[in-house]
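Written out below as structure tokens is the structure these notes cover.
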Amino acid sequence: MKNKGILYILSGPSGVGKGTICRQLVAKRSDLSVSVSATTRAPRTEDTDGVTYFFKTKDEFEKMISDDKFLEWAVYNGNYYGTPVDAVNERLNKGEDVILEIEVQGALKVMERCPNAVSIFIAPPDEDTLFLRLKNRGSETDEQIKNRLYAAKDELSKKDKYDFVVVNDDLSVAVCEIENIMKNQKEKM
Ligand code: ADP
Ligand code: 5GP
């Protein structure tokens, strides 16, 4: 029988480069995908419903919580975010690996619920760089950037709870480090 796939948790503060890293990781492997989360936050111009997120109203999201549809969910900066559990299990059962690109509260819940999950924290080289990445991305207002940097302080304080910490300074180095972590996990199976 085929082995089950590996569940990876990839977290880190907003703007650190999680999305950029994930896109590079999945582009190289057909048996690795990023779970599509549900959220109540407003779509950005680059978002596509069902591709980057499943966009939900607050009522729809709360119904999903009460129907036990999430592996984990959390409130981040006033919006709900959650990982639909069925899609993740389906891919793992097919032997595919899945990345959850999620914030820290949700990550801690998955670590508890799925002790075999491999957790990776992406850290910025320093706080000024994180600010500049958020500012240059241009997807949030100054007020939202301030809130995200405030949340980042708490998130960074939890990095030692993860199996691995990778600093995203040079993007190709960070991607390569994660690919090595993934290769080592496969060899352990
Ligand atoms: P997150 O998904 O963690 O919120 P993004 O992937 O959206 O972060 O990255 C935030 C911004 O930083 C983007 O504009 C991205 O192009 C840029 N970025 C990501 N990694 C690096 C890096 N290593 N060096 C410079 N810029 C980066
Ligand atoms: P953004 O609004 O920038 O897309 O995401 C904000 C934060 O929510 C990011 O740290 C992102 O990783 C996190 N996030 C995205 N999806 C989920 C999810 O399903 N669960 C949790 N807990 N966090 C998520």
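Whatever order the structure lists ligands and atoms in, that order sets their numbers, starting from 1. Excluded from the calculations below are hydrogen atoms, water molecules and symmetry mates; all remaining heavy atoms, backbone and side chain alike, are included.
- Within 6.0 Å of atom NZ in Lys56, more than 12 heavy atoms from other residues, nucleotides or ligands are found, so the atom counts as buried in its surroundings.
- In this structure, of Gln144, Glu72, Glu101, the residue bringing a heavy atom nearest to atom 11 (C) of ligand 2 is Glu101.
- By the 4.0 Å N-to-carboxylate-O rule, Asp142 lies too far from Lys146 to be salt-bridged with it.
- Only the side chain of Arg41 comes within 4.0 Å of ligand 2, counting heavy atoms alone; its backbone N, CA, C and O stay farther away.
- Of all atoms in ligand 2, listed by their number and element, those nearer than 4.0 Å to a heavy atom of Lys18 are 10 (O), 12 (O).
- Distance check, rounded to the nearest 0.5 Å: CD of Glu96 to CZ of Arg29 gives 10.0 Å.
- With ligand atoms numbered from 1 in the order given, ligand 2 contributes 19 (O) to contacts under 4.0 Å with heavy atoms of Thr83.
- Evaluation of the ring-ring contact (aromatic ring centres under 6.0 Å, His included) rule for Phe54 yields no partner, not counting sequence neighbours.
- Under 4.0 Å from any atom of ligand 1, one finds heavy atoms of residues Pro13, Ser14, Gly15, Val16, Gly17, Lys18, Gly19, Thr20, Glu101, Arg133, Arg137, Asn168, Asp169, Leu171.
- Residue contacts with ligand 2 for Tyr81 involve both N, CA, C or O and side-chain atoms from C-beta outward (heavy atoms, distance under 4.0 Å).
- Set against the non-hydrogen atoms of Arg148, the atoms of ligand 2 under 4.0 Å away are 1 (P), 2 (O), 3 (O), 6 (C).
- At least one N or O atom of Ser37, backbone or side chain, sits closer than 3.5 Å to an N or O atom of ligand 2.
- Not a single heavy atom of Glu155 sits under 4.0 Å from any atom of ligand 2.
- Note on Asp97 versus Lys4: no salt bridge recorded, every NZ/NE/NH1/NH2 to OD/OE distance being 4.0 Å or above.
- A donor-acceptor contact closer than 3.5 angstrom is absent between the side chains of Thr39 and Tyr80.
- Taking any N or O of Glu103, backbone or side chain, at least one lies under 3.5 Å from an N or O belonging to ligand 2.
- Taking all heavy atoms of Leu108, Ile102, Ile9 into account, the minimum distance to atom 21 (C) of ligand 2 is reached by Ile102.
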Exercise answer: donor-acceptor pairs, residues 149-159 side-chain atoms, under 3.5 Å, sequence neighbours excluded:
residue: Lys153; atom: NZ; partner: Glu127; partner atom: OE1; Å: 3.0
residue: Asp154; atom: OD1; partner: Lys158; partner atom: NZ; Å: 3.2
residue: Asp154; atom: OD2; partner: Lys158; partner atom: NZ; Å: 3.0
residue: Ser157; atom: OG; partner: Asp154; partner atom: O; Å: 2.6

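- Listed by number with element, the atoms of ligand 2 under 4.0 Å from a non-hydrogen atom of Tyr76 are 6 (C), 7 (C).
- The backbone N or O of Thr52 lies less than 3.5 Å from no partner atom in the side chain of Asp47, so there is not a single donor-acceptor pair.
- Ligand 2 has no N or O atom lying under 3.5 Å from any N or O atom of Ala74, backbone or side chain.
- Summary of contacts: the protein heavy atom closest to atom 15 (C) of ligand 2 is Tyr53 OH, 3.2 Å.
- Checked by distance only, ligand 2 and Arg44 come closer than 3.5 Å through their nitrogen or oxygen atoms.
- Ser35 places no side-chain N or O within 3.5 Å of a backbone atom of Leu100 that could act as its donor or acceptor partner.
- Glu62 has a carboxylate O that lies under 4.0 Å from a charged side-chain N of Lys58, or vice versa, which qualifies the two as a salt bridge.
- Contact of the Met64 side chain with the Phe70 side chain is registered, since non-hydrogen atoms from C-beta on lie closer than 4.5 Å.
- Annotation: Glu46, atom CD; neighbour count of heavy atoms from other residues, nucleotides and ligands within 6.0 Å is above 12.
- Scanning for salt bridge (charged side-chain N to carboxylate O under 4.0 Å, His left out) contacts around Glu140 gives Arg44, Arg137, Arg148, with sequence neighbours left out.
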